[in-house]
Amino acid sequence: MAANGAQDSFSPSDVLAAVMTMRSGEQDAKKKAHVYLESFQKSKTSWGTIIGILQSKAEPEATLFAAITLRGKITYDLSTQVPTNELPALRTQILMLLKEFAVGPKPIRVQLCVCLAILAIQMKDWNDVLPSVVQSLSDSPESHACILDFLRVLPEEVTEGRKITLSEDDLADRSKVLLADNTDRVVQLLINYSQSSPAAARNPQLMECITSWLREVPVGSIINSPLLDVVFNGVTADECSQEASECLCVMIRETRDVDESQANIQVLFPRVVGLQPRIATVAEEEDTEALKALTKVLATAAESWAVAIARQPSHFRPLVEAVLECAARDKDQDVIEHTFLFWYELKQYLVLERYIQSRLELVDVYSKLVDILLKHLRYPRPDSGNEADLFDGDREQEEKFREFRHQMGDTLKDSCEVMGVTECLTKVLNAIQVWMQNNASQVSDTNVPNWQELEAPLFAMRALGRIVDRDEEIVLPQLMPLLVQIPNHEKLKFATIMVLGRYTEWTAVHPEYLEPQFNYIVNSFQADSKEIVRAAALAIKFFCTDCRNLLSGQVLQLQTFYDQVLDKLPTQSREEVTDGVSSVVAVQPADQTYALLKTYCDPLIQRLMTMANQATDKESKIAMAEHLQLITIFVQNVTPAVSLGDANPAVKYWQEVFPILSTILENFLDFSPICERICRCWRNMIVSYRTAMAPLLPEMANKLASGFAASHEGCFLWVTGTILREFSEDRDNVDQATTEHIYSFFEAQATAFLRVMTELQPADLPDAIDDFFRLMIDALLYYPQKLIPSTLQVPIFEAAIYALTLEQRDPLVSTLHYVRDLLSYGSNNPASSEGLPEPAAQQIKAIILNMLQSHGMGLVKQVMAGMMLTFPRDCFADGSGVLLALFEMIPGQTAEWVAQTIQLLPEGTVNPAEANRLMTKIKERLSTDDASNLRHVRVLLQDFTNSYRRRNVAPRDGLGQLEARRFQFSG
C-alpha cells in the first residue's frame with residue numbers, strides 16, 4: 001500500500017486495506033494509512049474508487065468512510081475536478097446509491113443525502129430539485145426515509161453554503177431556487193406524509209424535517225396547518241417525544257418578537273399550557289427524559305414570551321407556574337437548569353420601573369423558586385452512608401453538581417433582585433435558625449446531623465454576596481454572629497469561610513464584626529483539611545484588601561502570622577495571603593514603608609537565597625520561580641505616595657534587593673521560569689514606581705542586555721518594552737538624556753535580536769519573536785521618528801516577513817500587529833495617537849512606500865500563504881488587515897502582487913475561472929473611490945483563502961471517526 005502524498009491512482013483494495021488499518025492497526029501503520037487516505041480524499045482520481053466502494057459490499061465502516069469522502073469531494077473539489085457535463089451522471093449515481101441504501105444503514109443514507117444536497121446547490125441549471133428527487137425516490141415505501149433525510153439536510157447545507165466555491169450572488173440565487181421557491185411544496189409534502197399512516201405521524205424523521213424547514217417556512221404556515229397537531233401529539237408520543245419537543249421549541253423561538261407574533265402566540269399559548277398536567281405524570285413515572293423534554297418546551301415558551309409575561313402577568317401566570325412545577329419536581333437535578341435562562345430573562349423586565357406592578361404580582365413565584373433552589377443546593381446523602389464520599393466515587397457526578405450549584409447561585413441572585421435583598425436573606429436566616437433549633441443539641445465532635453440542610457443556605461448566602469449592599473442593616477447583623485458559631489464540620493467550615501470572605505466589603509463598614517470573623521479565619525489555618533486552608537487563604541486576601549485600614553494597627557502581628565503559615569500553604573494560597581498582607585502594608589504611612597518592606601520581605605529574600613543554594617533539580621527550581629512571585633506581589637501592591645523630587649522608600653528597599661535578584665538571574669539563565677519571574681518582577685518595578693526607578697535603570701539595562709544575549713529569552717525584551725513606554729519622550733518628569741539613553745539601549749537589544757534571527761529558524765524562538773514584535777509595537781508608538789528612518793527598520797521588516805512563516809498564534813499575532821502599525825504610517829492614520837508634524841509624517845510615509853516597492857511582494861506572498869496554508873484561525877483577521885492596509889496605500893500594485901501570488905499556487909489547486917473571478921471583482925472594487933469597496937476586497941480575499949484552505953489543507957472528515965471507531969449504524 002502506497003503512502004505517498006502524490007499518489008495518482010487508488011485501487012479499492014488498497015483503500016479498504018487502509019481503512020481496516022486505521023480501525024485496528026499498529027500506530028506506525030495507522031500513520032501511514034492516515035497519510036494515504038488523506039491523499040486519497042483529495043486526489044482527482046479517487047472519484048471512481050469512491051463510487052466503486054459504495055456500490056460494493058464492503059464493511060459498513062469502509063462504506064461510510066467512502067460516503068463521507070464523497071461529501072467532501074462534492075463540497076470542495078467539484079469545480080476543480082469534475083467537468084460540468086459530467087454532473088448529471090454523478091447525480092444519477094447518487095440517486096441510485098440512495099435507493100440501494102434506503103433501508104440503511106442510516107449514517108450512510110444521510111451522508112448520501114448530504115452529497116445530493118451539496119450537488120444540487122452547485123448544479124445551477126438543476127431547478128426542479130425537489131420534484132425530481134421525490135419522483136426518483138418515491139417508487140417504494142422504503143425510500144420515504146431517503147426523501148425525509150434529503151428534505152431535512154437541504155436547508156442545513158444551503159445555510160452552510162459558504163464552504164462551497166460559489167459566489168455570494170450564485171449562492172443567493174440557488175438558495176431562492178432550492179428553498180424559498182419550495183416552501184409551500186414542502187409543507188404540503190410533510191402534511192401528506194403525516195396523514196399517510198399513524199406511524200408516519202409519529203416518525204422522528206418527520207419532526208426533524210419540520211424543524212429544519214422552520215428556518216425557511218414562515219412559522220405561521222406550520223401553526224395554521226395540520227402539522228401543529230402532529231407536533232403536539234408527537235411531544236407525548238414515546239416514539240418521537242424528543243424530536244417533537246425540539247421542533248416545538250424551534251417553532252416557539254420563531255415567535256420571540258411578541259408584537260409581530262401575537263396571532264401565533266394566541267394559538268400556541270393554550271396548547272403549551274395544556275401540557276402542564278403531563279408534568280406530574282412523567283415525574284411520578286420517574287421518566288427523566290420526558291420531564292426534560294416538557295421542561296424545555298415550557299421554559300422555551302416562557303423565555304420567548306418573557307416581555308409578554310411582564311406585560312400581562314395574570315394571563316401568562318399558568319405558564320410561569322408550569323415552569324416552576326418542572327423545577328420543583330426535578331428529583332435528580334437534570335431538569336431545573338433548563339429553566340434558569342427564563343428566570344433571568346423575566347427578571348430583566350421585572351426590575352424595571354415600568355413593570356413594578358407585574359413584579360408585585362409575580363414576587364411570590366420567585367419566593368417559591370428560592371425555596372426550591374435551597375433544597376436543590378443540598379449535597380446528596382450517599383447511598384453507601386459514607387459521609388467522606390458523598391457521590392459514591394462518581395467524580396464526574398461530583399463535578400457536575402459543583403457546576404450546577406454555581407448556576408443555581410446565579411438564579412438565586414435573579415430571584416433576590418425581584419424579591420429584594422432583605423426578603424431573600426431572611427429565607428437564608430430562617431433556614432439556618434430552623435436547623436439550629438432542630439439539630440444543635442445533637443451536635444458532637446464526631447457528628448453533625450443533617451449538615452446538608454445547613455450547608456445549603458450557607459452556599460446561598462455566599463452566592464448572594466455580590467448583590468447585597470454594604471449598608472444592609474436588617475438581616476446581616478443577625479446572620480454574622482451565627483456564622484462564627486457554625487459546628488466544626490469540614491463542609492460547613494469551608495462554606496462559612498467562603499461566606500465570610502465574600503462579605504468583607506460589608507464587614508469593612510461594620511467594624512464591630514471584624515475581630516470574631518478575622519480570628520475565625522486565622523484559626524482555620526490550623527485545620528487538617530487542605531480545602532479549608534485554601535479557603536482561609538483566599539478569605540485572608542479579601543479581608544486584608546477590603547479591611548486594610550481597619551487592620552493597619554495589626555500590621556506587625558500580621559507579619560508574624562504570615563511568616564508562620566507561609567511555608568505550609570500551596571502555591572496559589574501563598575500568593576493570595578501575600579496579596580492580602582501586602583495590601584495592609586500598602587496603606588501604612590510612607591515613612592514606614594522601607595522598614596515594613598524589610599520586615600516582610602527580608603525573610604522572603606532569605607528563603608530565596610537558601611532555595612537558590614539548594615536548587616539542583618527542576619522541581620526545586622520551579623519552587624524558586626513560584627517564590628519569586630511573592631516578591632513581585634509586594635512590588636505591585638506597595639506603592640507609597642511620594643512628593644515629586646523625594647526619594648521613594650520602596651525603591652530604596654528594592655535597590656538593596658536588586659543585586660541579589662541579579663545574581664540569581666545570572667546563575668539560572670538556563671532556566672526559563674526563573675528568568676521570566678525575575679523579569680516580571682523588574683517590569684512591575686518600572687510600572688509601579690515609574691521615574692523613581694531612574695537610579696536603577698543603567699544596571700537593569702545591562703542585566704537585560706546580557707541576559708538576552710546569553711539566553712535568547714523573550715522576557716528580557718518584554719521588560720525593555722516596559723522601560724521604553726514608561727520613559728518615552730511624551731512622559732512627564734523624564735529628561736531628554738534619559739530618553740536618549742533608553743532609546744540607545746532599545747536599539748542595542750533590537751540589534752542583538754536581529755543577529756539571533758540570522759542564526760536560528762523562527763520556529764526555534766517563537767516566544768522571543770512574540771516579545772520582540774510587542775517591543776516593536778511600543779517603539780513604533782513612542783519613537784516613530786527615530787525608528788522608521790533608522791537603518792534598523794528594513795532588517796526588522798524583513799525579520800517580520802520571515803517570522804510570518806511560523807504557525808503559532810501568539811508570535812504571529814504580535815508580528816501582524818507590528819506590520820499593521822508600521823503600514824499605518826504609510827497612510828493618513830498613523831498608529832501614534834499623538835500624531836506627527838506634517839514634514840516628518842510625509843517623510844515617514846515616503847520611507848514606508850519606498851520600502852514596500854522592494855518588500856511588498858514578499859509580504860503579500862507570505863501573508864496569503866499563511867492565510868491559505870499555515871496561519872491559525874485566530875490570525876486570519878490580522879492577515880487580511882495587512883492586505884487591506886496595502887490596498888489602501890497602493891491598490892494597483894497590491895492587486896498585481898495578489899495575482900502573482902495566486903499564479904504560484906500548485907496546478908490543480910485553484911480553478912482558473914475562480915482565480916480570474918477573484919481578480920476581476922477586486923479590480924471592479926478598486927475602480928471607484930468608495931471606501932466600502934476596500935472592505936469588500938478584504939472579504940473577497942478572506943473568502944478565497946478560506947475556500948483554498950478548506951479544499952487543499954484542512955483535513956477532510958472521516959479519518960478521525962475511523963481512528964476513534966465512533967461509527968453507529970442503525971435504521
Side-chain angles (χ1 to χ4, degrees), residues 563 566-567 569-571 574-575 578 582 597-598 600-636 650-689 693 695-723 745-746 748-749 751-753 755-756 759-760 764-772 775:
D563 202 47
L566 189 64
D567 294 334
L569 301 176
T571 299
R574 290 180 191 177
E575 293 180 10
T578 303
S582 62
L597 281 176
K598 282 192 72 66
Y600 273 86
C601 294
D602 275 2
L604 295 180
I605 298 298
Q606 188 58 51
R607 282 182 175 91
L608 180 65
M609 293 165 66
T610 302
M611 297 169 85
N613 290 331
Q614 299 173 353
T616 55
D617 57 14
K618 182 178 180 181
E619 186 177 349
S620 57
K621 292 176 184 178
I622 289 289
M624 268 187 70
E626 291 169 346
H627 188 76
L628 279 160
Q629 179 61 18
L630 306 184
I631 298 167
T632 301
I633 290 171
F634 275 95
V635 172
Q636 290 171 317
V651 174
K652 177 184 176 184
Y653 178 73
W654 298 123
Q655 280 181 285
E656 297 174 7
V657 170
F658 189 85
I660 299 171
L661 296 179
S662 298
T663 301
I664 290 172
L665 178 65
E666 290 168 2
N667 292 333
F668 292 93
L669 275 173
D670 60 344
F671 194 70
S672 295
I674 290 178
C675 294
E676 288 172 1
R677 290 303 173 93
I678 290 179
C679 283
R680 181 182 298 174
C681 184
W682 290 353
R683 176 185 178 276
N684 278 283
M685 287 181 186
I686 301 296
V687 172
S688 293
Y689 311 118
M693 283 292 293
L696 266 171
L697 283 184
E699 193 175 351
M700 186 181 287
N702 288 336
K703 298 301 178 185
L704 293 173
S706 60
F708 178 74
S711 70
H712 300 164
E713 292 285 348
C715 55
F716 296 100
L717 304 174
W718 184 42
V719 185
T720 303
T722 303
I723 295 173
F745 163 57
F746 153 73
Q749 286 286 70
T751 302
F753 174 82
R755 189 178 300 117
V756 172
E759 299 167 358
L760 298 171
D764 296 328
L765 61 162
D767 292 340
I769 287 173
D770 182 18
D771 289 315
F772 177 73
L775 171 61

Closest contact, heavy atoms only, Asp617 versus Ser620: OD1-OG, 2.5 Å
Just distance, no hydrogens or angles: give the donor-acceptor pairs under 3.5 Å from side chains in residues 658-669, sequence neighbours left out.
from   : atom 1 : to     : atom 2 : distance (Å)
Ser662 : OG     : Phe658 : O      : 3.0
Thr663 : OG1    : Pro659 : O      : 2.9
Glu666 : OE2    : Lys703 : NZ     : 2.5
Asn667 : ND2    : Thr663 : O      : 3.3

Starting from the C-alpha separation in whole Å, work towards a yes-or-no answer on side chain to side chain contact (heavy atoms under 4.5 Å, CB included) for Cys681 and Val635. CA-CA 7 Å; Cys681 184; Val635 172; 4.1 Å; yes
Minimal non-hydrogen separation, Ala705 against Gln749, with atom names: CA-OE1, 3.3 Å
Indicate yes or no: at least one non-hydrogen side-chain atom of Trp682 is less than 4.5 angstrom from one of Cys715. no
Please round to the nearest 0.5 Å and tell me the distance separating atom CG of Leu630 and atom CG of Leu608. 9.5 Å
Please check if the number of heavy atoms outside Glu759 that lie under 6.0 Å from its CD is greater than 12. yes
Could you give me the CA-CA distance, side-chain angles and deciding distance for Asp764 and His712, then say whether side chain to side chain contact (heavy atoms under 4.5 Å, CB included) is met? CA-CA 10 Å; Asp764 296 328; His712 300 164; over 6 Å; no
Can you tell me if Arg683 uses its side chain to pair, donor with acceptor, with the backbone of Val719 under 3.5 Å? no
Measuring only between side-chain heavy atoms, which start at C-beta, is Phe634 closer than 4.5 Å to Asn684? no
Would you check if the side chain of Tyr600 reaches a backbone N or O of Thr578 as a donor-acceptor pair within less than 3.5 Å? no
Could you give the distance from CD1 (Ile622) to CD1 (Ile674), rounded to the nearest 0.5 Å? 8.0 Å
Quick one: salt bridge (Lys or Arg N to Asp or Glu O under 4.0 Å) partners of Asp770, sequence neighbours excluded? Arg774
Would you check if Leu697 and Phe745 make a side-chain contact, meaning some heavy-atom pair closer than 4.5 Å? no
Stepwise, does the side chain to side chain contact (heavy atoms under 4.5 Å, CB included) test hold for Gln629 with Thr632? CA-CA 5 Å; Gln629 179 61 18; Thr632 301; 4.0 Å; yes
Of all the heavy-atom pairs spanning Met685 and Met693, show the shortest one and how long it is. O-CG, 3.4 Å
Heavy atoms only: give me the nearest Leu704-Cys679 pair and the separation to one decimal. CD2-SG, 4.5 Å
Straight-line distance of Thr610 OG1 to Ile605 CD1, nearest 0.5 Å: 11.0 Å
Quick one: CZ on Arg677 to CD1 on Ile631, what's the gap to the nearest 0.5 Å? 11.5 Å
Taking all heavy atoms of Lys621 and all of Ala615, pick out the closest pair and write down the distance. CG-CB, 4.0 Å
Apply the ring-ring contact (aromatic ring centres under 6.0 Å, His included) test between Phe772 and each candidate in Trp718, Phe716, Phe708, Phe753; give the one that qualifies. Phe753
Value for CG (Asp767) from CD (Glu713), rounded to nearest 0.5 Å, stands at 7.5 Å
Quick one: closest heavy-atom pair of Met624 and Ala612, and the distance? SD-CA, 3.6 Å
Side chain to side chain contact (heavy atoms under 4.5 Å, CB included) evaluation trace for Ile723 with Phe746: CA-CA 9 Å; Ile723 295 173; Phe746 153 73; over 6 Å; no
Salt bridge (charged side-chain N to carboxylate O under 4.0 Å, His left out) evaluation trace for Arg574 with Glu626: CA-CA 9 Å; Arg574 290 180 191 177; Glu626 291 169 346; 5.7 Å; no
Is the shortest side-chain heavy-atom distance between Thr720 and Asp771 below 4.5 Å? no
